[in-house]
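The shown structure was predicted, so the numbers you read here are calculated from the model rather than taken from an experiment.
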Amino acid sequence: MSEHVRTLRVVGIGTGDPEHLTLQAVRALSDVAAVFVLDKRAETADLVAIRKRICAAHIARPYRLVSVDDPPRERNPTDYGATVEAWHAARAERLEAAFAELGEGEIGALLVWGDPALYDSTLRILERIAARGRLPLAYEVIPGISSVQVLCARHAVPLNAIGGAICITTGRRLASGWPEGAESVVVMLDGDPSFAGLDPDLTIHWGAYLGSTDEILVAGRLGSVAEEILRLRAEARARHGWIMDIYLLSRASQGSSFGSP
């Protein structure tokens, strides 16, 4: 491999609305020569299409769209940590090979849903590639609007109680119980949600496909709306073949009227 340094920009693009890009993100895309996309084929065709629309809107110069096959990942592993480690390693191999094609002086971009720092593997994978030292690599991160922000904005509620503690966690961890000391809990990456065992008097603000034309919002007392959320979620997943959703649980309504905008 050539020893010239490959330069990348990791750009947070929000949750699906092309207007979620910040002015900094728009500037960062303006002079890239290649955009790298991890593609799961039919499963993510809609997501790749959104990325293409963003590129068409904000990259005026000629550029290459480089599709990289995303390695498969077991969704219900017995050893979660080892499974994710192997998946990251496979992703790193494929992306490193793709990045090697960047010419001297060219800038590449990776478009990341939401914000690159929040429940996304991109930065860890780039750290892995850089640490191996086989491909000289430099990268900068442009923050984006996260799904947490969009969820609260769409429901018009604050994220936290006054002076209250917030926990951002996963469905896997929530299954172990309510996080100690938290008044508000944001739950991400909940592939198979179950609200059993949670206080039915909790308030939930749930959203799926945030920022897109397929957006779905539900809010209310958990015990009253849990079945509706699970039904809507199952129907939407069957219709699209995939789902991105997130929810906020709190011990009080924090002034919400439980309505969807």
Do you know the tightest heavy-atom contact between [X] and [Y]?
| X | Y | answer |
| --- | --- | --- |
| Thr170 | Val187 | C-CG1, 3.9 Å |
| Tyr63 | Cys55 | OH-CB, 3.1 Å |
| Ser146 | Thr15 | C-CG2, 4.0 Å |
| Leu95 | Ile125 | CD1-CG2, 4.0 Å |
| Pro143 | Pro116 | CA-CD, 4.3 Å |
| Ser147 | Ile246 | OG-CD1, 3.4 Å |

Under 3.5 Å donor-acceptor, [X] side chain and [Y] backbone:
| X | Y | value |
| --- | --- | --- |
| Glu85 | Ala82 | no |
| Arg154 | Gly207 | no |
| Asp115 | Gly144 | yes |
| His4 | Gly105 | no |

Calculate, to the nearest 0.5 Å, the distance between atoms [atom1] and [atom2] belonging to [X] and [Y] respectively.
| X | Y | atom1 | atom2 | value |
| --- | --- | --- | --- | --- |
| Leu248 | Thr203 | CG | OG1 | 8.5 Å |
| Arg27 | Leu23 | CZ | CG | 6.0 Å |
| Arg124 | His88 | CZ | NE2 | 7.0 Å |
| Leu217 | Trp206 | CG | CH2 | 8.0 Å |
| Asp17 | Thr213 | CG | OG1 | 10.0 Å |
| Ser121 | Glu127 | OG | CD | 11.0 Å |

Please list, one pair per line, the donor and acceptor atoms closer than 3.5 Å that link side chains of residues 224-231 to other protein atoms, with sequence neighbours excluded.
residue	atom	partner	partner atom	Å
Ser224	OG	Arg221	NH1	3.2
Arg231	NH1	Glu235	OE1	3.4
Arg231	NH1	Glu235	OE2	3.4

With a 4.0 Å cut-off on N to O distance, would you call [X] and [Y] a salt bridge?
| X | Y | answer |
| --- | --- | --- |
| Glu93 | Arg128 | no |
| Arg6 | Glu104 | no |
| Asp31 | Arg9 | yes |
| Asp245 | Arg233 | yes |

Review point. In terms of the angle between their ring planes, are His240 and Tyr209 parallel, tilted or perpendicular, with boundaries placed at 30° and 60°?
Key: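 If you compare the ring of His240 with that of Tyr209, the planes turn out tilted.
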Check your understanding: Ser212 and Glu215: side chain to side chain donor-acceptor pair (under 3.5 Å), yes or no, with the steps?
Key -> CA-CA 5 Å; Ser212 77; Glu215 182 177 270; over 6 Å; no
**Study point:** Arg64 atom CZ, neighbour heavy-atom count above 12 within 6.0 Å
**Key:**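 More than 12 heavy atoms, drawn from other residues, nucleotides or ligands, come within 6.0 Å of this atom.
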Review point. Taking everything shown except Arg173 itself, do over 12 heavy atoms lie less than 6.0 Å from its CZ?
Key: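 It does not: Arg173 CZ has 12 such atoms or fewer within range.
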Exercise for review: Decide yes or no on side-chain contact (heavy atoms from CB on, under 4.5 Å) for Trp178 and Arg251, but give the supporting numbers first.
Suggested key: CA-CA 11 Å; Trp178 186 265; Arg251 295 195 181 279; 2.9 Å; yes
Does any non-hydrogen side-chain atom of [Y] lie less than 4.5 Å from one of [X]?
| X | Y | result |
| --- | --- | --- |
| Ser250 | Glu183 | no |
| Leu151 | Leu159 | no |
| Lys52 | Leu65 | yes |
| Leu29 | Ile142 | no |
| His20 | Val150 | yes |

Exercise for review: Is it possible for you to say whether Leu123 and Val5 belong to one hydrophobic cluster, with membership spreading through side-chain heavy-atom contacts below 4.5 Å?
Suggested key: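 No; tracing contacts between hydrophobic side chains, which count when under 4.5 Å, never links both residues.
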Exercise for review: Apply salt bridge (Lys or Arg N to Asp or Glu O under 4.0 Å) to the pair Arg91 and Asp70, showing each step before the final yes or no.
Suggested key: CA-CA 7 Å; Arg91 271 188 160 188; Asp70 200 5; 2.8 Å; yes
Practice item. Apply the side-chain contact (heavy atoms from CB on, under 4.5 Å) test between Leu21 and each candidate in Leu111, Ile145, Ile54; give the one that qualifies. Key: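 The single option meeting the side-chain contact (heavy atoms from CB on, under 4.5 Å) with Leu21 is Ile54.
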Exercise for review: Check Leu126, Val141, Val11 against Leu110 for a side-chain contact (heavy atoms from CB on, under 4.5 Å) and give me the one that passes.
Suggested key: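 Checked Leu126, Val141, Val11 against Leu110; only one passes side-chain contact (heavy atoms from CB on, under 4.5 Å): Leu126.
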Practice item. Go through Phe195 and Leu174 one step at a time and tell me if the side-chain contact (heavy atoms from CB on, under 4.5 Å) criterion holds. Key: CA-CA 10 Å; Phe195 304 120; Leu174 184 66; over 6 Å; no
**Study point:** Aromatic contact, Phe99 with Tyr139 (centres under 6.0 Å)
**Key:**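 Here the rings of Tyr139 and Phe99 have centres that are no less than 6.0 Å from each other.
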Practice item. For side-chain contact (heavy atoms from CB on, under 4.5 Å), just list the numbers for Val66 and Val37, CA-CA rounded to whole Å, side-chain angles, deciding distance to a tenth of an Å, and then say yes or no. Key: CA-CA 6 Å; Val66 181; Val37 176; over 6 Å; no
Practice item. List the steps and the verdict of side-chain contact (heavy atoms from CB on, under 4.5 Å) for Val186 and Met188. Key: CA-CA 7 Å; Val186 175; Met188 305 179 70; 4.2 Å; yes
Exercise for review: Using only heavy-atom distances, determine whether the side chains of Asp120 and Trp113 contain a donor-acceptor pair under 3.5 Å.
Suggested key: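 Judged by distance alone, the side chains do not pair up.
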